[in-house]
Trainee: 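Structure incoming, see below.
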Amino acid sequence: MKALILWGIGMSGGIAVAAGLFTFLVITGIPHRLMTITHTTAYGGWYEWMFVLGGALGNAVWLTDTAVKIPAGMFLAGAAGFLVGIFIGCLIGAIAEVLDALPVFFKRIGIRQGIGVVIFWMAVGKTLGAWMWYFILT
């Protein structure tokens with residue numbers, strides 16, 4: 001009984017934090033911008049459900065300390081990781097675009113030309129960092 005109560009408290013807290021994150025994303029217009037960039041505005045309802053289900057399932061897996069088994073093995077795990085990485089990259093790009101983070105950053109450090117090259121190398125650095133984390137450090 002005690003474990004069930006603690007699980008309920010943890011799940012409630014996790015849902016509250018996830019709801020705060022999703023509210024931040026929606027208020028800043030990031031999901032809409034992401035749908036516009038990817039030309040998938042017709043699937044807006046799917047985006048909403050996937051955000052909700054992802055938050056709820058992520059909380060449940062975290063609280064129960066469950067190892068997620070992927071039946072097709074390493075290939076499907078790699079493909080899923082690749083697709084999640086693409087989504088996170090698009091989400092970060094949409095956040096940066098909506099909040100005008102990169103133009104402000106480039107203006108402050110005095111970069112006027114070659115912005116595309118800088119963004120390309122930022123993406124390369126992010127990719128190499130992820131590879132190092134998953135294949136060397138862990």
Side-chain angles (χ1 to χ4, degrees):
M1 184 66 172
K2 182 179 176 182
L4 184 62
I5 292 171
L6 290 174
W7 188 86
I9 291 170
M11 193 67 170
S12 299
I15 288 172
V17 170
L21 172 65
F22 300 148
T23 301
F24 168 74
L25 292 175
V26 169
I27 286 175
T28 56
I30 292 166
H32 182 264
R33 183 65 186 142
L34 186 59
M35 287 185 277
T36 303
I37 290 171
T38 59
H39 308 292
T40 56
T41 53
Y43 302 104
W46 283 98
Y47 274 80
E48 293 172 3
W49 275 107
M50 293 305 109
F51 272 106
V52 170
L53 289 175
L57 292 174
N59 285 329
V61 168
W62 181 268
L63 285 173
T64 57
D65 200 25
T66 304
V68 178
K69 304 283 188 213
I70 298 179
M74 291 301 289
F75 176 75
L76 188 58
F82 181 72
L83 293 174
V84 168
I86 290 173
F87 174 75
I88 296 298
C90 289
L91 188 63
I92 289 170
I95 289 172
E97 187 174 326
V98 167
L99 299 179
D100 290 329
L102 291 178
V104 170
F105 174 70
F106 291 139
K107 185 177 180 181
R108 294 219 186 246
I109 64 173
I111 294 178
R112 304 274 187 259
Q113 295 177 338
I115 293 174
V117 174
V118 172
I119 292 173
F120 171 78
W121 285 109
M122 288 170 64
V124 169
K126 176 70 176 154
T127 303
L128 290 175
W131 277 92
M132 286 177 56
W133 173 259
Y134 286 109
F135 295 115
I136 297 172
L137 298 175
T138 57

Trainee: Please report the closest heavy-atom contact between Thr36 and Thr41, naming both atoms and the distance.
Mentor: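 Heavy-atom minimum between the residues: N-CG2, 4.0 Å.
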Trainee: Tell me whether Leu128 shares a hydrophobic cluster with Phe135, the cluster being built from Ile, Leu, Val, Met, Phe, Trp, Tyr side chains joined at under 4.5 Å.
Mentor: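 Leu128 and Phe135: separate clusters.
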Trainee: For Ile5, which residues count as a side chain to side chain contact (heavy atoms under 4.5 Å, CB included) partner, sequence neighbours excluded?
Mentor: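 Residues passing side chain to side chain contact (heavy atoms under 4.5 Å, CB included) with Ile5: Met1, Ile9.
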Trainee: Under the side chain to side chain donor-acceptor pair (under 3.5 Å) test, which residues partner Thr40, sequence neighbours left out?
Mentor: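 Here the qualifying residues are Thr38, Tyr47.
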Trainee: Quick one: do Trp133 and Val124 end up in the same hydrophobic cluster if we chain Ile, Leu, Val, Met, Phe, Trp and Tyr together by side-chain heavy atoms under 4.5 Å apart?
Mentor: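 Result: no, two separate clusters.
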Trainee: Apply side chain to side chain contact (heavy atoms under 4.5 Å, CB included) to Val117 and list each qualifying residue two or more places apart in sequence or on a separate chain.
Mentor: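 Expected list: Trp121.
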